[in-house]
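The figures that follow rest on heavy atoms only: side chains count, while hydrogens, waters and symmetry mates do not. Positions are given from 1 along the sequence.
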Amino acid sequence: MRHGEFRNPRLVRVYDAECSWARDDDWFLAVVDETPAARVVDLGCGTGRLAVCLATAGHTVTGVDPAAASLDVARARPGAGRVTWIEGTSAVLPDRSFDVAVLTSHVAQFFVTDDEWAGTLADLARALVPGGRLVFDSRDPADRRWERWNPVDSRRRITLPEGEVVRAWTEVHTVVDGRVDFTHHYVFPDGEELLSSATLRFRTEEELRGSLRAAGFTVERIHGGWGGEPIGRGDGEFLVQARRE
């Protein structure tokens with residue numbers, strides 16, 4: 001199944017258990033908080049971990065995701081009533097309605113083709129007010145993160161809230177022109193194995209800057225790590241902050 005962690009209800013529970021609050025959430029929350037009481041769109045909000053926290057912090061938050069199974073979990077979170085949840089893509093965003101747009105958990109890399117990415121950036125530029133901010137993360141291809149996505153280094157055990165333990169690992173199939181194809185394996189205690197395949201696009205700093213410029217954004221800063229490190233000396237990330245012209 002493509003993107004099973006977001007679409008298969010059993011795998012969505014695994015994803016939500018594995019992806020708990022972490023340094024990246026702290027970083028996004030701090031950046032959004034620079035705009036007090038902001039109108040925020042969380043595009044690709046998934047199970048809503050950050051969206052609910054942003055709303056609790058006093059922002060007006062809209063969470064948008066195309067995966068209904070993920071939104072079902074998001075809507076069931078404590079505090080979820082403070083967020084407006086929309087099943088859809090960037091195309092549904094209203095014009096000039098947000099002060100900040102965030103794409104977290106490397107959602108930007110799921111837009112594999114240049115046309116997909118350009119269309120998403122155009123929608124976000126349309127949805128932000130003039131001077132509005134776009135904030136997202138994308139892995140630095142120079143870090144070659146995909147080399148650690150193998151059945152040995154990626155093997156892990158994920159404990160669900162009920163105590164059930166799921167064994168998981170990842171394997172990469174192809175790496176071509178910045179496109180990485182891979183499959184996640186999940187084995188449940190009852191013996192069922194579920195597979196989730198995906199493709200991510202690893203864009204260079206130059207590619208990101210060029211695409212943002214073409215969409216009408218000015219890049220204000222790009223960090224390489226969650227502690228504000230420069231590119232190449234952090235966590236193998238591009239942490240991008242841009243402003244709509």
Side-chain angles (χ1 to χ4, degrees), residues 5-6 12-36 38 40-59 61 63-65 70 73-74 77-80 82-83 100-111 133-149 153-161 166 168-170 180 182 184 198 200-205 208 212 219-243:
E5 297 87 358
F6 314 123
V12 169
R13 290 177 58 244
V14 177
Y15 172 85
D16 194 55
E18 182 174 23
C19 299
S20 57
W21 191 272
R23 293 177 67 203
D24 55 331
D25 299 293
D26 289 331
W27 185 84
F28 276 105
L29 176 60
V31 172
V32 174
D33 278 346
E34 293 172 6
T35 304
V40 184
V41 58
D42 183 354
L43 181 63
C45 64
T47 56
R49 181 182 68 246
L50 180 64
V52 170
C53 184
L54 289 170
T56 302
H59 303 289
V61 182
V64 179
D65 202 286
S70 292
V73 173
R77 282 186 180 277
R82 299 175 178 174
V83 179
V100 184
V102 298
L103 290 79
T104 71
S105 300
H106 307 104
V107 165
Q109 293 186 250
F110 282 88
F111 303 102
R133 295 191 297 151
L134 170 61
V135 186
F136 66 91
D137 54 355
S138 186
R139 297 178 183 90
D140 182 351
D143 187 59
R144 302 181 68 84
R145 184 73 56 87
W146 60 83
E147 292 181 349
R148 286 163 263 174
W149 297 347
D153 295 329
S154 69
R155 194 166 292 271
R156 56 205 186 274
R157 295 166 64 87
I158 304 162
T159 302
L160 303 185
V166 178
W169 66 91
T170 305
V180 178
F182 60 93
H184 295 307
L200 294 181
R201 175 71 179 272
F202 285 71
R203 291 181 171 87
T204 64
E205 180 187 357
L208 289 174
L212 288 163
V219 175
E220 296 189 323
R221 62 184 64 87
I222 302 180
H223 294 303
W226 304 109
E229 300 89 344
I231 292 171
R233 298 207 313 231
D235 300 299
E237 300 281 351
F238 292 138
L239 307 181
V240 181
Q241 298 181 54
R243 193 172 295 274

*Asks:* Rounded to the nearest 0.5 Å, what separates atom CG in L29 from atom OG1 in T104?
*Replies:*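 That separation rounds to 12.0 Å.
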
*Asks:* I need the R145 CZ to L200 CG distance, nearest 0.5 Å.
*Replies:*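 With rounding to 0.5 Å, CZ (R145) is 11.0 Å from CG (L200).
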
*Asks:* If you apply the rule side chain to side chain contact (heavy atoms under 4.5 Å, CB included), what do you find for I222 with I231, and how did you get there?
*Replies:* CA-CA 7 Å; I222 302 180; I231 292 171; 3.7 Å; yes

*Asks:* May I ask you to decide whether R133 forms a salt bridge with E220, counting only side-chain N to carboxylate O separations under 4.0 Å?
*Replies:*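 Result for this pair is no, no salt bridge flagged.
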
*Asks:* After noting the C-alpha distance and the side-chain angles of F136 and V102, does the key distance pass the side chain to side chain contact (heavy atoms under 4.5 Å, CB included) rule?
*Replies:* CA-CA 6 Å; F136 66 91; V102 298; over 6 Å; no

*Asks:* Determine the minimum heavy-atom distance between G63 and C45, stating which atoms define it.
*Replies:*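 Minimum heavy-atom contact is C-SG, 3.6 Å.
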
*Asks:* Does the H223 side chain pair with the main chain of P230, one donor and one acceptor, at a distance under 3.5 Å?
*Replies:*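 Not a single qualifying donor-acceptor pair exists.
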
*Asks:* Measure across A57 and D33 and return the closest heavy-atom pair with its distance rounded to 0.1 Å.
*Replies:*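 Scanning both residues, the minimum pair turns out to be CB-OD1, 4.2 Å.
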
*Asks:* Any idea which heavy atoms bring F238 and P141 closest together, and the distance?
*Replies:*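 Closest approach of F238 to P141, heavy atoms only: CE1-CD, 3.7 Å.
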
*Asks:* Are F28 and V135 close enough, and set up right, to give a side chain to side chain contact (heavy atoms under 4.5 Å, CB included), and what steps lead you there?
*Replies:* CA-CA 8 Å; F28 276 105; V135 186; 3.7 Å; yes

*Asks:* Apply the test side chain to side chain contact (heavy atoms under 4.5 Å, CB included) to residues W146 and F202: give CA-CA distance (whole Å), side-chain angles for both, the deciding distance (0.1 Å), then the verdict.
*Replies:* CA-CA 10 Å; W146 60 83; F202 285 71; 3.8 Å; yes

*Asks:* Distance check, rounded to the nearest 0.5 Å: R49 atom CZ versus S20 atom OG?
*Replies:*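 R49 atom CZ to S20 atom OG measures 7.0 Å (nearest 0.5 Å).
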
*Asks:* To the nearest 0.5 angstrom, please state how far the CG atom of D65 sits from the OG1 atom of T47.
*Replies:*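 The distance works out to 9.0 Å.
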
*Asks:* Regarding R82 and T56, do their side chains bring together a donor and an acceptor under 3.5 Å, going by distance alone?
*Replies:*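 There is such a pair between these side chains.
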
*Asks:* Indicate the atoms forming the closest heavy-atom contact of L103 with D137, along with that distance.
*Replies:*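 Taking L103 first and D137 second, the nearest heavy atoms are O-OD1, 3.4 Å.
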
*Asks:* State the NE2-OG1 distance between H184 and T170, to the nearest 0.5 angstrom.
*Replies:*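 That separation rounds to 4.5 Å.
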
*Asks:* Which value, rounded to the nearest 0.5 Å, describes the distance between R243 atom CZ and R221 atom CZ?
*Replies:*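 Those atoms lie 8.5 Å apart.
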
*Asks:* Using every non-hydrogen atom in the two residues, find where S105 and D24 come nearest and quote the distance to one decimal.
*Replies:*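 Distance-wise, the nearest heavy atoms are OG-OD2, 4.4 Å.
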
*Asks:* Does a side-chain heavy-atom distance below 4.5 Å link R23 with D235?
*Replies:*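 Yes, their side chains come closer than 4.5 Å.
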
*Asks:* Would you say D140's side chain and E237's backbone share a donor-acceptor pair under 3.5 angstrom?
*Replies:*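 Not a single qualifying donor-acceptor pair exists.
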
*Asks:* Should the pair R77-D16 be classified as a salt bridge under the 4.0 Å nitrogen-to-oxygen rule?
*Replies:*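 Result for this pair is yes, salt bridge flagged.
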
*Asks:* Are the charged groups of R148 and D143 less than 4.0 angstrom apart, N to O?
*Replies:*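 Yes, this pair counts.
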
*Asks:* With a 4.5 Å limit on heavy-atom distance, are the side chains of D42 and L50 in contact?
*Replies:*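 Yes - at least one pair of side-chain heavy atoms lies under 4.5 Å apart.
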
*Asks:* Could you pull out the closest heavy-atom pair between L212 and V240, with the gap in Å?
*Replies:*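 Here L212 and V240 meet closest at CD1-CG1, 3.8 Å.
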
*Asks:* Look at the side chain of Q109 and the backbone N and O of R139, then say whether any donor-acceptor pair between them is shorter than 3.5 Å.
*Replies:*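 Indeed, once roles are kept as given, a pair shorter than 3.5 Å links the two residues.
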
*Asks:* Mark yes or no for whether E34, through its side chain, and V32, through its backbone, hold a donor-acceptor pair below 3.5 Å.
*Replies:*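 Checking the backbone N and O of V32 against the side chain of E34, no donor-acceptor pair under 3.5 Å is found.
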
*Asks:* Return yes if some donor-acceptor pair links the side-chain N/O of S70 with the main-chain N/O of G46 below 3.5 Å, else return no.
*Replies:*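 Flag not set: sc S70 to bb G46 has no pair under 3.5 Å.
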
*Asks:* When the ring planes of Y15 and F6 are compared, do they come out parallel, tilted or perpendicular, using 30° and 60° as the limits?
*Replies:*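 Rings of Y15 and F6: perpendicular, over 60°.
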
